[in-house]
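Keep in mind it's a predicted model, so treat the numbers as computed, not measured. The first residue of the sequence shown is numbered 1, and numbering continues consecutively from there.
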Amino acid sequence: MIMAEPKQTLLTKLQSLFHKEEQTENKYIQKREEKTEEVMKMQDELADKEAHVKGIHKMKMLDEVTEETYKTEQKELEQLENKLAEARKELDLIDQYKHEDAKKILGQLEEVRAEHEHEERAEIRKIRLEMLQAKLEYAEYLIEARKRYYEVTQPKRKVDQLKDKLGIKRRIDVSGGFEKLHQVDLSENERFYCEQLTFQQHELFRVLEDGTPPEILRTAVDKAKKDGVLK
């Protein structure tokens, strides 16, 4: 029985292939830039040579230079044209080879990716379950917070109840834990705002997509730490 490779080995293979693809692409990019610069330089040289040969041709027609001189210059022009055509062909080949090498590496990536797929699914499920565990721990913390809330407010409630019995106070604050604790007042300088203790959909999206917590949440916690309320 063939044992599956350890997850880290497969991940290492994938990272190695990604690195290889990036390096290969960068080499082709660099070579293409060099060849493009070479082609542009040769195009300038060719333009100058064409103008020069045209001048020699005029001189030949006026019998100011020999046929042999003209043919020599014409041959040099043709050599330069052939050299430019070859350089342009190499530019096309660079693109072709780059594409072929990328496809080859992609095939290798897909093979390793197929091996890694089972571990990927298992890891994603584990992440989701760990998030559920964190949610449960959050709920358990809220239960503990609720308990602390009722403990700290019990004396006031009992005093209010006694006043009610004696007819001193008719209205008693019967607010429960949810009403008092489900949001935090962060209002300041005539700017009124309450932060909910539950994640809003757009906040959860940003956390999971961008990897950034709500800025106002971080600001509020940092301020509370600075004020010595939180550790």
Side-chain angles (χ1 to χ4, degrees), residues 5-26 29 109 112-113 115-164 168-231:
E5 290 191 66
K7 177 173 62 178
Q8 191 56 44
T9 302
L10 292 173
L11 284 173
T12 301
K13 278 187 177 181
L14 284 169
Q15 292 299 330
S16 176
L17 287 169
F18 285 136
H19 182 64
K20 180 181 178 181
E21 191 279 330
E22 183 179 357
Q23 280 192 321
T24 302
E25 182 180 24
N26 287 338
I29 290 174
L109 278 168
V112 181
R113 170 73 175 76
E115 296 177 54
H116 177 62
E117 191 170 4
H118 174 73
E119 285 82 359
E120 180 184 286
R121 288 198 302 268
E123 184 65 18
I124 290 174
R125 175 163 177 77
K126 183 180 178 183
I127 291 170
R128 288 170 174 162
L129 290 173
E130 287 173 348
M131 291 169 69
L132 281 182
Q133 182 181 22
K135 186 176 181 180
L136 174 61
E137 291 170 355
Y138 176 53
E140 289 172 344
Y141 175 80
L142 292 182
I143 292 171
E144 181 62 27
R146 169 189 176 277
K147 180 180 177 182
R148 288 167 55 197
Y149 166 75
Y150 280 114
E151 285 177 352
V152 76
T153 58
Q154 185 180 41
K156 180 179 182 300
R157 291 201 311 274
K158 287 189 174 295
V159 169
D160 286 345
Q161 289 170 359
L162 180 56
K163 285 182 177 180
D164 181 59
I168 299 174
K169 186 174 182 178
R170 294 295 181 183
R171 296 186 61 187
I172 301 177
D173 186 358
V174 292
S175 301
F178 175 79
E179 185 174 347
K180 289 293 187 180
L181 299 177
H182 77 283
Q183 60 184 10
V184 181
D185 185 5
L186 299 179
S187 303
E188 61 176 62
N189 299 328
E190 298 184 357
R191 179 178 176 272
F192 301 98
Y193 177 76
C194 289
E195 176 69 20
Q196 303 293 319
L197 291 184
T198 55
F199 273 113
Q200 303 300 308
Q201 189 71 18
H202 69 278
E203 293 175 328
L204 189 59
F205 177 87
R206 186 171 180 184
V207 167
L208 296 178
E209 288 293 324
D210 301 339
T212 55
E215 187 59 33
I216 194 166
L217 181 62
R218 183 187 296 278
T219 301
V221 171
D222 287 347
K223 184 177 184 301
K225 288 181 177 179
K226 184 178 179 181
D227 294 342
V229 180
L230 296 177
K231 294 181 181 179

Show the atom names and distances, to 0.1 Å, of all donor-acceptor pairs under 3.5 Å that link a side chain in residues 139-147 to residues at least two apart or in another chain.
none

Could you list the donor-acceptor pairs under 3.5 angstrom formed between side-chain atoms of residues 130-138 and any protein atom two or more places apart in sequence or on another chain?
from	atom 1	to	atom 2	distance (Å)
Tyr138	OH	Leu197	O	2.4

Mind listing the side-chain donor-acceptor pairs of residues 208-227 below 3.5 Å, one per line with the distance, residues two or more places apart or on another chain?
from	atom 1	to	atom 2	distance (Å)
Thr212	OG1	Arg206	NE	3.0
Thr219	OG1	Glu215	O	2.9
Lys223	NZ	Asp227	OD2	3.0

Q: Evaluate the side chain to side chain contact (heavy atoms under 4.5 Å, CB included) criterion for residues Arg148 and Val152: first the C-alpha distance (whole Å), next the side-chain angles of each, then the deciding distance (0.1 Å), finally the verdict.
A: CA-CA 6 Å; Arg148 288 167 55 197; Val152 76; over 6 Å; no

(Q) Applying side chain to side chain contact (heavy atoms under 4.5 Å, CB included) to Glu151 and Gln154, what does each step give before you reach the verdict? (A) CA-CA 5 Å; Glu151 285 177 352; Gln154 185 180 41; 5.9 Å; no

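Residues that satisfy the side chain to side chain donor-acceptor pair (under 3.5 Å) test with Glu117, not counting sequence neighbours, are absent from this structure. For Glu25, the side chain to side chain contact (heavy atoms under 4.5 Å, CB included) partners at least two apart in sequence or on another chain are Glu21, Ile29, Lys98. For Arg125, the side chain to side chain contact (heavy atoms under 4.5 Å, CB included) partners two or more places apart in sequence, or in a different chain, are Leu129.
Annotation: side chain of Glu120 is in contact with side chain of Arg113 (closest heavy-atom distance under 4.5 Å).
Interatomic distance, Leu109 CG to Lys20 NZ, rounded to the nearest 0.5 Å: 9.5 Å.
Side-chain N/O atoms of His19 and Gln23 include a donor and acceptor closer than 3.5 Å.
Among all heavy-atom pairs drawn from Val207 and Phe199, the shortest one is CG2-CE2, 4.3 Å.
Checked by atom type and distance alone, the side chain of Thr153 pairs as donor or acceptor with a backbone atom of Tyr149 at under 3.5 Å.
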